[in-house]
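A quick write-up on the structure given underneath.
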Amino acid sequence: MSARVQAEPFDVGHELSGFGAGAGAIVTFSGLVRDEGGRLLALEIEHYPGMTQKALDAFGNDAAKRFALSDWRIIHRFGRLGAGEQIMMVATAARHRAAAFDAAEYLMDWLKSRAPFWKREITASGPGAWVEARAEDEGALDRWKGTSCNPAD
Amino acid sequence: MSARVQAEPFDVGHELSGFGAGAGAIVTFSGLVRDEGGRLLALEIEHYPGMTQKALDAFGNDAAKRFALSDWRIIHRFGRLGAGEQIMMVATAARHRAAAFDAAEYLMDWLKSRAPFWKREITASGPGAWVEARAEDEGALDRWKGTSCNPAD
Amino acid sequence: MVVDVLYFAWLRERVGQARERVETEAVTVRDLVAELAARDEWHAAALSDLTAVRVAVDQELADLDAPLAGAREIAFFPPMTGG
Amino acid sequence: MVVDVLYFAWLRERVGQARERVETEAVTVRDLVAELAARDEWHAAALSDLTAVRVAVDQELADLDAPLAGAREIAFFPPMTGG
């Protein structure tokens, strides 16, 4: 039941050790820097330090209530992250798989559209374009409107 | 791109090392033995050795094609698994998160209803009831009918 | 023809064996079920409710009307509970 | 009143600074945007297309019509691209 914002790498296996004890289903999502066919050297991730931790804590607690999670974790990095590096992870633990999957997808939809992070591409010629928000990501949260805990499963 | 059936425990962190290189999104699902409030000591998992490996390979390759996965892994254990132990895991790697999530859920729906495994409860009084298939699990595959690669991501 | 018939989980327990070799002229799985159920009360009990029985022919899921021509291994088992 | 105004990502670059302290009588975020855009061409350029600007008031997401009464920290930034 925790969120962390950090520059350092993290290890999914280490994060999962002891995670979700007693649960029947654990889902993890990891986001990685794609090299886009060799064009991208790294991403530079900026965030809003005063807001990020509070926002992640609030997202996680909201998801825990909505999907009856027994455990959750969010880790999001900032700074310069090379191609292939992990950017972030979420993990969710619940009694059954539908709630664990739904909660992880819900958290990802939140993170993509409501968490104060911004990505810029670093190419061979230096800092490049800021990554634009995808219309699908901005709208992805709409599908959760009116849903709370999903009893199917 | 591999499936394994084994009695031995496995380590998710170890399995993920090097998994999905080049992908942007990795999803894992782990299923664990719930102790059901202390009632359950273990699950005894039986399988159909001649069929299991072939079925898992076929499921994984089908999901890879359907969701354009760059990597996938299925591990499923058999034998006596104590409360809290991991029963199985799936991992999927794709360019974007929607395909990775969809593929992991699709594989789980398959495994729950089409992979030749059967679970029996072990309680303090010995081997107990065979776990009955849940109607939701038998029907869960229906939601994938007619879908192939999900472009919404 | 001769086929190997396999039973898993509670079907194995009710029949009282995991595997048997059977001489049969059955055309479909359903015909084979009828022959097996007529063998003795254990087979009959195991195969009494076919809504609770799943079938694989040569290690591929099949339905009761699947043809047996050329088949070598027929397995009967309850609905699967993997994952 | 006095508020701290923060800029992130390309808004920070266009304005040319990450943070400034502003004396304002603005009632809503939208009023504050108008005051800031009138300061100089850099602010004007950064705040010219409000469909591309998101706002947080005291570190909570807010919309342009949110009241500023009592606020201490107003942040402007592009649509978020976390995850």
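Below, chains carry the letters A, B, ... as their sequence lines are ordered, and counting in each starts from 1. Being a predicted model, the structure only gives us computed values, none of them experimental.
- Ring geometry for B/Trp144 against B/Phe67 counts as perpendicular: the plane angle is over 60°, on a 0 to 90° scale with 30° as the lower cut.
- Of the two parts of B/Arg77, neither the backbone nor the side chain holds a non-hydrogen atom closer than 4.5 Å to a non-hydrogen atom of chain C.
- No side-chain N or O of B/Ser113 forms a donor-acceptor pair with one of B/Glu138 less than 3.5 Å apart.
- Counting heavy-atom pairs closer than 4.5 Å to chain C, the top residue among B/Ala115, B/Ala55, B/Pro116 is B/Ala115.
- Note on ring orientation: taking the six-membered ring where Trp is involved, the planes of B/His47 and B/Phe117 are parallel (angle under 30°, cut-offs 30° and 60°).
- Of all the heavy atoms in B/Leu56 and B/Ala3, the pair that sits closest is CB-CB, 3.6 Å.
- With a threshold of 4.5 angstrom between heavy atoms, B/Met88 approaches chain C through side-chain atoms but not through N, CA, C or O.
- Of the atoms belonging to B/Lys112, heavy atoms from both backbone and side chain fall under 4.5 Å from chain C.
- Both the backbone and the side chain of C/Ala9 come within less than 4.5 Å of a heavy atom in chain B.
- Using a 4.5 Å cut-off between heavy atoms, B/Glu132 contacts chain C through its backbone alone, with no side-chain atom that close.
- Separating the OG1 atom in C/Thr81 from the CD1 atom in B/Ile45 is a distance of 8.0 Å, to the nearest 0.5 Å.
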